[in-house]
Enquirer: 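This is the structure I want to talk about, given as structure tokens.
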Amino acid sequence: MSTLLGAKQPVLPYSMKHVHHYDNAKFRPRSFFQMVTQALVKSSIRRDCARCSTGKILVLLMFSGLAYLMFTHTSPVPSKSDELMHSSFRKYEDKKLIAGFKGFWRRPPRIPPRLTPDEKVNHNTSIFDSEKLNEKAKWEGRQNKVKEAFIHAWSGYSKYAMGYDELMPLSQRGTDGLGGLGATVVDALDTAMIMGANDIVLEAGTWIEKNLLERITAKGQVNLFETTIRVLGGLLSAYHLSGGEKGTDIIKFEGPKPTVYLEIAKDLADRLLVAFTASPTSIPFSDVVLRDRTAHPAPGGVSSTSEVSTVQLEFNYLSTVLNDSKYGLEAMKVLEHMRSLPTVQGLVPIYISPHSGEFIGQNIRLGSRGDSYYEYLLKVWLQHGTSQDSNFQYLHKMYEEAMKGVRSLLVRKSIPKGLVFVGELPSGSEDDFSPKMDHLVCFLPGTLALGATKGFTKKQAMKDNLVSFADLDNLNLAEDLTKTCFEMYAVTSTGLAPEIAYFHTEGYSEVGLDGGNKSSEYINDIIIKPADRHNLLRPETVESLFVLYRITEDPKYREWGWQIFEAFEKHTKVDSGGFTSLNDVTKVPPERRDKMETFFLGETLKYIYLLFGW
């Protein structure tokens, strides 16, 4: 530094008398005039220029230029968000002035418009709202497609089979396979109410008011389970949705008053109660003769475990709205009795005797005759409230123990791609495992998810600390099984699932029995035997898709549901009205079976419609 500034100057300005030796902004700010003149000429020349006329002319030109810029240059009034940018620009321009004379004449660069923070938020929100509206419109359109399918299904039934239990759409006639109570009319009514299909609500409600009570008093044998879930349940749902309960008078429909549905439900339930009261144990007989109020066991003398344990929701609800405990008390005796029976890690055989009250055999599965026992353990507990001191807490303990047993004894992975599935123990836990999974088992993912969050969304349940580690394991299993249930559809040529599938494992494989869709990633994991290739328009998978979407909020479940619905439309729709079951989902075109089950209107289309709801 001493070399640059002169030998006689001190190294640092230790006192103010030395400061004049330095022209360094690090120690003393320079005047604007000094900065400008330094930028024009070297310091050694600057003093000479000031004395000569040429220098005076240059200085005069410099100040003239500055005056011109100050009085002629104008800028629009900056917004608040631009002030910082303009301040930075002025500093930038000062540096340009220092750099040389031509900087005085240079126009300032055009600064791009800037949004204020509020404007940015509003802009982003507007984009988000637009995308949300487009998504809503898409799913409302798809939901309307489902409603149109329901109306088409009803039109075939109404035209060719009104008053019969079910429609045979290809033959264009009706059939009675459920006791002749007009099961489709009653089972479909709440779906019509949910969809706002008011013409169907009026038609179905009017038929029920005019005909059903007479049918009940005149008809013969019916199955306790089927009549409870389809007819009694349908009547109680119609009573609820039409505003029968205090505080739920929200939706109004033309047709019968809500009390009409309730009065018929009471009459039917009074006749069904004999299945409980006539049995020597807490396990009801399976069949009832309605007209003379008698009951008897099924051929062979045993009842299905799932059937006797899947009537409690309906009977409990009836007791609540009638303020008469007898219905719920009789139904709950079944579960209270089962509580005392031995299990295999919470799992139970699929048959039970109404004579001894004991389980029969060792066959354990979550498919037919076993499925809804596990489902109702959870749902009846939820119906009564989830308080820890509830008298029904034992149901939740039974459910939790059973789900541990499912994970321990029945869950496996297929090869080569690792689909998670639930198999069977045909001869009990000490014998061979079977990699067989009914479509009925696809109720389980929805039940697992419902049990994990108690009906709340996953986000809300996590926030409120309602989810244990075991709950999270069950929710993960639910998502894995939902994936498998969907792939049972996607692996076939029609995009529709078979009634039963087997899974390729290290101990089980069969060649040449794939689903037909060679583009499926899981074509070698799923085995479909010729006798199992039929599709009955079942609801279990779409029900689980609905529950999983509501709980996880993952949009993939909606997309999977849409694919399934499109396959139903393409392969099962009958032009003259109705939809039909199929004999073989692995071939296109598939052979048709000539049957439209009541649950296609009462459950399958209902759950797809709700899945697409906003």
Enquirer: Indicate yes or no: does Glu401 engage Lys397 in a salt bridge with an N to O separation below 4.0 Å.
Expert: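 No, Glu401 and Lys397 are not salt-bridged.
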
Enquirer: When you look at Lys606 and Glu543, which way does the salt bridge (Lys or Arg N to Asp or Glu O under 4.0 Å) test go after all the steps?
Expert: CA-CA 9 Å; Lys606 178 198 298 175; Glu543 178 183 4; over 6 Å; no

Enquirer: Applying side-chain hydrogen bond (donor to acceptor under 3.5 Å, both in side chains), can you list everything that pairs with Glu540, at least two apart in sequence or on another chain?
Expert: His439

Enquirer: Once side-chain contact (heavy atoms from CB on, under 4.5 Å) is applied, do any residues pair with Asp187, and if so which ones, sequence neighbours excluded?
Expert: Arg230, Thr598

Enquirer: Excluding sequence neighbours, so at least two apart, what forms side-chain contact (heavy atoms from CB on, under 4.5 Å) with Thr175?
Expert: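 For Thr175 the side-chain contact (heavy atoms from CB on, under 4.5 Å) partners, ignoring immediate neighbours, are Glu166, Met168, Lys595.
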
Enquirer: Carefully, step by step, assess Glu314 and Thr228 under the rule side-chain hydrogen bond (donor to acceptor under 3.5 Å, both in side chains).
Expert: CA-CA 7 Å; Glu314 293 80 0; Thr228 297; over 6 Å; no

Enquirer: So Leu318 and Leu262, side chain to side chain contact (heavy atoms under 4.5 Å, CB included) or not? Walk me through it.
Expert: CA-CA 8 Å; Leu318 184 61; Leu262 184 60; 3.9 Å; yes

Enquirer: With salt bridge (Lys or Arg N to Asp or Glu O under 4.0 Å) as the test, would you mind laying out the steps for Lys556 and Glu559 before giving the verdict?
Expert: CA-CA 5 Å; Lys556 73 183 178 187; Glu559 295 295 346; over 6 Å; no

Enquirer: Calculate, to the nearest 0.5 Å, the distance between atoms CZ and OG belonging to Phe225 and Ser309 respectively.
Expert: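 Answer for the CZ-OG pair, Phe225 versus Ser309, is 8.5 Å.
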
Enquirer: My understanding is that only residues two or more places apart in sequence, or in another chain, count here; which of them pass side-chain contact (heavy atoms from CB on, under 4.5 Å) with Leu366?
Expert: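 Expected list: Tyr374, Val406, Leu410, Val441, Phe443, Leu444.
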
Enquirer: Is there a donor-acceptor pair under 3.5 Å between the side chain of Glu245 and the backbone N or O of His240?
Expert: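 Answer holds: no.
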
Enquirer: Evaluate the criterion salt bridge (Lys or Arg N to Asp or Glu O under 4.0 Å) for residue pair Lys483 and Glu487; output intermediate values, then yes/no.
Expert: CA-CA 6 Å; Lys483 165 74 171 173; Glu487 295 301 338; 2.8 Å; yes

Enquirer: With heavy-atom distances below 4.5 Å as the criterion, would you say the side chains of Val380 and Leu313 are in contact?
Expert: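 Yes, side chains in contact.
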
Enquirer: Decide side-chain hydrogen bond (donor to acceptor under 3.5 Å, both in side chains) for Tyr557 and Glu479; before the verdict, give the C-alpha distance in whole Å, the side-chain angles of both, and the deciding distance to 0.1 Å.
Expert: CA-CA 10 Å; Tyr557 298 117; Glu479 296 199 62; 3.0 Å; yes

Enquirer: Taking salt bridge (Lys or Arg N to Asp or Glu O under 4.0 Å) as the test, write out the residues that go with Glu566, two or more places apart.
Expert: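 Scan of Glu566 (salt bridge (Lys or Arg N to Asp or Glu O under 4.0 Å), adjacent residues dropped) gives none.
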
Enquirer: Is it the case that Arg142 places NZ or CZ above or below the six-membered ring of Phe565, under 6.0 angstrom from the centre and within 45 degrees of the axis?
Expert: no

Enquirer: Could you list the donor-acceptor pairs under 3.5 angstrom formed by side chains in residues 510-518, with sequence neighbours left out?
Expert:
residue	atom	partner	partner atom	Å
Glu510	OE2	Tyr508	OH	2.4
Asp514	OD1	Gly516	N	2.8
Asp514	OD1	Lys518	NZ	3.3
Asp514	OD2	Lys518	NZ	2.8
Asn517	OD1	Ser519	N	3.2
Asn517	OD1	Ser519	OG	2.7
Asn517	ND2	Ala490	O	2.7

Enquirer: Report, one line per pair, each donor and acceptor closer than 3.5 Å where one atom sits in a side chain of residues 195-205; sequence neighbours left out.
Expert:
residue	atom	partner	partner atom	Å
Glu203	OE1	Trp154	NE1	2.9
Glu203	OE2	Ser158	OG	2.5

Enquirer: List for me each residue that meets side-chain hydrogen bond (donor to acceptor under 3.5 Å, both in side chains) alongside Glu521, sequence neighbours excluded, and say none if there are none.
Expert: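 For Glu521, no residue satisfies side-chain hydrogen bond (donor to acceptor under 3.5 Å, both in side chains) once neighbours in sequence are set aside.
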
Enquirer: Considering residues at least two apart in sequence or located in another chain, which fulfil the salt bridge (Lys or Arg N to Asp or Glu O under 4.0 Å) criterion with Lys459?
Expert: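 Not a single residue meets the salt bridge (Lys or Arg N to Asp or Glu O under 4.0 Å) criterion with Lys459.
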
Enquirer: Only one of Asp584, Thr580, Val585, Thr492 passes side chain to side chain contact (heavy atoms under 4.5 Å, CB included) with Asn535; say which it is.
Expert: Val585

Enquirer: Determine, step by step, whether Thr191 and Leu601 satisfy the side chain to side chain contact (heavy atoms under 4.5 Å, CB included) criterion, reporting the C-alpha distance in whole Å, the side-chain angles of both residues, the deciding distance to 0.1 Å, and the verdict.
Expert: CA-CA 7 Å; Thr191 304; Leu601 289 86; 5.6 Å; no

Enquirer: Does Ser414 have any side-chain hydrogen bond (donor to acceptor under 3.5 Å, both in side chains) partners at least two apart in sequence or in another chain, and if so, which?
Expert: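 Here the qualifying residues are Asp525.
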
Enquirer: Would you find more than 12 non-hydrogen atoms of other residues, nucleotides or ligands less than 6.0 Å from Lys147 atom NZ?
Expert: yes

Enquirer: Has Ser408 got a side-chain atom pairing as donor or acceptor with Gly405's backbone, closer than 3.5 angstrom?
Expert: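 No, Ser408 side chain to Gly405 backbone: no donor-acceptor pair under 3.5 Å.
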
Enquirer: Output every pair passing ring-ring contact (aromatic ring centres under 6.0 Å, His included) with a member in residues 581-603, not counting sequence neighbours, ordered by first then second residue.
Expert: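 Of all non-adjacent pairs touching residues 581-603, those that pass ring-ring contact (aromatic ring centres under 6.0 Å, His included) are Phe568-Phe600, Phe579-Phe600.
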
Enquirer: So which pairs with a foot in residues 437-457 pass salt bridge (Lys or Arg N to Asp or Glu O under 4.0 Å), sequence neighbours left out?
Expert: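 For residues 437-457: Lys436-Asp438, Lys454-Asp471.
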
Enquirer: Carefully, step by step, assess Leu181 and Val186 under the rule side chain to side chain contact (heavy atoms under 4.5 Å, CB included).
Expert: CA-CA 9 Å; Leu181 300 181; Val186 191; over 6 Å; no

